[in-house]
Amino acid sequence: MFIDFEGIDGSGKTTLSNLLTARLKRMGYKVTHAREGGELQSPTARRIRELTRDSRLLEMGPRAEFFLNLARDAQQLEEVIAPSLKRGEVCITDRYLYSQLALTAGGRGLKENALLPACELASQGLWPDLVILVDVDPDLARLRKRLGKLQSGRANDTDSRKGLVGAGLAVRVREAFLEQARKDPTRWIILENNDQPLRMLEQRLVEAVVARLEGREQPVQRMVPAPAPPLPGVPSVDDVEERFFHALDGLEAREPQLAVWLLNGIPGLPAHQRRLAYAERLPGLVARSLTGLDDDTAWTLREVLAPSVPVDVAEGLGFVTSPRSHALRQRLYAQAPAAVLEGLKRQDSPEAWALRERGMKDGHLGAVLLGLAGVDGEESWVVREAGMQRKLYAEVARSLGGLATERAEALREVLLKHDRLSVLKSTTGLETPLALGLREQLEKGALKLVLRSLTGVDSPRAWEMRERGAPLTKEALDSVDGMDVPRAWRLRASSARRWPATVVSSMRGLPLVAETRALLERVLSEQGGSLPVLRNAYAVVAQARLLEQAARTVRPSVETSTAHLGRQEA
Ligand SMILES: Nc1ncnc2c1ncn2[C@@H]1O[C@H](COP(=O)(O)OP(=O)(O)OP(=O)(O)O)[C@@H](O)[C@H]1O
Ligand SMILES: Cc1cn([C@H]2C[C@H](O)[C@@H](COP(=O)(O)O)O2)c(=O)[nH]c1=O
């Protein structure tokens, strides 16, 4: 029997297909998993996969990509799947030709009918007996995937071609999978993976598969787990705090790591109470969740956690620049030099330079460069020169972040041939001639980065690009973070249905005036059942409350940064 797992990235295919394999083997079945532990068994298929993921190959068109993906599946079929089925085993795959149809038709927009004959050729007539579609909210899948990367030490992995397209691709691919399942209900089972513990899903899956293996009828196509009951009524700004923490506490029982991850950067007592409850069990995640917070409780927690998880504490400092942060960075340097040095962005103070000099002496030139973004003094150019001599092109490019000077532009020109994506990232917030040209060149292949590089840019060209990108992917909305101009509000309003969680998070840092409140109310009433929406809405409200509090207590002449406001609250 041939069983294939399909679903968007981060949906849980690898986890669940491996759990199923292990269970079936324990039950005495002979099983081959063609991608055991997430690794394709055929070396040829693995090489082809590397090619399709290579972020330098951004000009690869959808047809070339399709044929490469077909080649990968055809090779897996010949080398692994067909021989296993011939031996009479259960053969399990983690993606098959359905993925290529969903990506190329649903994701890239080619006509499915034109693709089918090529799929038939690649399949040699061998199609799965059972397809398990692991279906998940794309926002949740992305969060889980990012958390998984962090926990396996891959947080700094650079994006593959797939990652550069933007989050909208997953939404379109998911729709395409659901359509395939709808058209072929006897072959496809939908396993929803939004709010159930893995143990429970594994059990449902084993039962369904064993029923098939034993030739029993499959009663339903969609295995819908019973969701936890939400609070009654429609969510609103006034009860978003209660609803968010109700949903978060429900999640804590199943996925505590994700629950702590969702507290990232959220100020206020209820969030701190949860951090304290988890500080012993998940110290690293708790430390990271303090990103950007500058209140007394945050500092106490950092002090407590610093000896056991110094890297996470350093990462969780974000770009806080208060005197307390200098003192802590100096103490953390010995155990977490790279994280400390990378956290110095935009800091040109003597304390920051003292740390950088230590970093250079200790051989951390790459990390010093990464923490040099936004710094333009003569000393910074000496460091960049050293980076060029050592061929640290990506790091030098990132060190130019936010600089629009002629000198920075000239160095970007040199770096283009080495690493154009890092150069693109360094243009965030700028509208230099080089930034404009690069955005046009990369709009097709790296839409996510192009849109993010527009963050804060308020020019007609930037708005045209965002408006073109918004129907395709949510990063168009990321780029209006904190913007309070009419075109930003129009884009938010027209995208609220497609990208609700991102529309909401783009209002972070804005005061809770009539416009903010109205849009929050609208999204909450339409999509307030989604945890990412609730989380982002609460973050907006919690931060706006801090702003209001500060406006009441801080003298008008005092600068009101959000970091500063944290202290007022405490
Ligand atoms: N129900 C769940 N509860 C807790 N964690 C989950 C659940 N489902 C998936 N995860 C976690 O989500 C992350 C992504 O899962 P997994 O790698 O299995 O997805 P995938 O579909 O194979 O992704 P990709 O196609 O990108 O490889 C993993 O860290 C996994 O542990
Ligand atoms: C480049 C690219 C690929 N995909 C699809 C194509 C394949 O079906 C899978 C490969 O994923 P895996 O990491 O090997 O499981 O993903 C895509 O969806 N988007 C892309 O840009």
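Just so you know, ligand 1 is whichever comes first in the structure, and atom 1 is the first atom listed for that ligand. Side-chain atoms are counted along with the backbone in the values below, which use heavy atoms only and exclude waters and symmetry mates. Because the structure is predicted, anything quoted here is derived from the model rather than measured.
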(request) Using side-chain hydrogen bond (donor to acceptor under 3.5 Å, both in side chains) as the criterion, list what pairs up with Arg46, not counting sequence neighbours. (result)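 Scan of Arg46 (side-chain hydrogen bond (donor to acceptor under 3.5 Å, both in side chains), adjacent residues dropped) gives none.
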Taking a 3.5 Å cut-off between nitrogen or oxygen atoms, can you list every pair linking ligand 2 to the protein, with distances?
residue	atom	partner	partner atom	Å
ligand 2	8 (O)	Gln100	OE1	2.7
ligand 2	8 (O)	Gln100	NE2	3.4
ligand 2	11 (O)	Arg95	NE	3.3
ligand 2	11 (O)	Lys162	NZ	2.5
ligand 2	13 (O)	Arg49	NH2	2.8
ligand 2	13 (O)	Lys162	NZ	2.8
ligand 2	14 (O)	Arg35	NH2	3.1
ligand 2	14 (O)	Arg49	NE	2.6
ligand 2	14 (O)	Arg72	NH1	2.7
ligand 2	14 (O)	Arg72	NH2	3.1
ligand 2	15 (O)	Arg35	NH1	3.0
ligand 2	15 (O)	Arg35	NH2	3.2
ligand 2	15 (O)	Arg95	NE	2.7
ligand 2	16 (O)	Lys162	NZ	3.0
ligand 2	21 (O)	Arg108	NH2	2.9

(request) Tell me, yes or no, whether the heavy-atom count around Arg56 atom CZ, taken from other residues, nucleotides or ligands under 6.0 Å, exceeds 12. (result)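 No, the 6.0 Å shell around CZ holds no more than 12 heavy atoms from other groups.
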(message) A quick test of your reading: do over 12 heavy atoms of other residues, nucleotides or ligands sit less than 6.0 Å from CZ of Arg87?
(response)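 Counting neighbours around CZ of Arg87, more than 12 heavy atoms of other residues, nucleotides or ligands fall under 6.0 Å, so yes.
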(request) Verify the distance criterion only: is there a donor paired with an acceptor across the side chains of Arg466 and Ser479 at less than 3.5 Å? (result)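 There is such a pair between these side chains.
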(message) Less than 3.5 Å apart, any donor N or O on the side chain of Gln203 or Arg23 sitting next to an acceptor on the other?
(response)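 Present: a donor and an acceptor within the cut-off.
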Protein N/O near ligand 1 N/O, under 3.5 Å, which pairs?
residue	atom	partner	partner atom	Å
ligand 1	1 (N)	Asn193	OD1	2.7
ligand 1	1 (N)	Gln196	O	3.2
ligand 1	8 (N)	Asn193	ND2	2.8
ligand 1	18 (O)	Thr14	N	3.4
ligand 1	18 (O)	Thr15	N	2.8
ligand 1	18 (O)	Thr15	OG1	2.4
ligand 1	19 (O)	Gly12	N	3.0
ligand 1	21 (O)	Ser11	N	3.1
ligand 1	21 (O)	Ser11	OG	3.2
ligand 1	21 (O)	Gly12	N	3.0
ligand 1	21 (O)	Lys13	N	3.0
ligand 1	21 (O)	Lys13	NZ	2.7
ligand 1	22 (O)	Thr14	N	2.9
ligand 1	22 (O)	Thr14	OG1	2.4
ligand 1	23 (O)	Gly10	N	2.8
ligand 1	25 (O)	Asp9	OD1	3.4
ligand 1	25 (O)	Lys13	NZ	2.8
ligand 1	26 (O)	Gly10	N	3.3
ligand 1	26 (O)	Lys145	NZ	2.4

(message) Tell me if the centroids of the rings in Trp127 and Phe2 come within less than 6.0 Å of each other.
(response)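 No.
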(request) Identify which one of Arg535, Arg274, His272 satisfies the side-chain contact (heavy atoms from CB on, under 4.5 Å) criterion when paired with Leu263. (result)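 Considering Arg535, Arg274, His272, a side-chain contact (heavy atoms from CB on, under 4.5 Å) with Leu263 is found only for Arg274.
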Only distances under 3.5 Å count here; give the side-chain donor-acceptor pairs of residues 110-117 to other protein atoms, sequence neighbours excluded, each with its distance to 0.1 Å.
none

(request) Work out which heavy atom in Leu293 is nearest to a heavy atom in Ile266; give both atom names and the distance. (result)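 Reported closest heavy-atom pair: CD1-O, 3.5 Å.
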